[in-house]
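Right, one structure below, let's go through it.
The structure displayed is predicted, hence computed values, not measured ones.
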Amino acid sequence: MRKAAVTDLTELNLQIFVDKSSVEIFINHGQRTFTSRIFPTSDLNLALIGQDQAKIDQLQVYRLAQVVE
């Protein structure tokens, strides 16, 4: 589990990139960042937990191209 405090919550921008061995998360255009190596043995789950309620206005999912097999 990783945590970060975000001060400006009027609009939250998340960019999340996942491939077979890494996760990168950019919060509010780099105000906070996370990078982790992962080696999942099953499906990967991601949970976002906050103290206040939030509404998702837009969600886009991009599949990353596989570079190495």
Legend entry - Distance (rounded to the nearest 0.5 Å) between L14 CG and N28 CG: 7.5 Å
Legend entry - Side-chain touch I16/E24, heavy atoms, less than 4.5 angstrom: no
Legend entry - By side-chain hydrogen bond (donor to acceptor under 3.5 Å, both in side chains) - contacts of S22 (at least two apart): D19
Legend entry - Value rounded to 0.5 Å, distance of OG1 in T35 from CZ in F17: 10.5 Å
Inset, instruction - Taking the side chain as every heavy atom from C-beta outward, state whether F34 and I27 have any atom pair closer than 4.5 Å. - result: yes
Legend entry - With S42 via side-chain hydrogen bond (donor to acceptor under 3.5 Å, both in side chains) - residues at least two apart: none
Legend entry - Q15/I25 under side-chain contact (heavy atoms from CB on, under 4.5 Å): CA gap, chis, key distance, verdict: CA-CA 6 Å; Q15 292 178 296; I25 302 173; over 6 Å; no
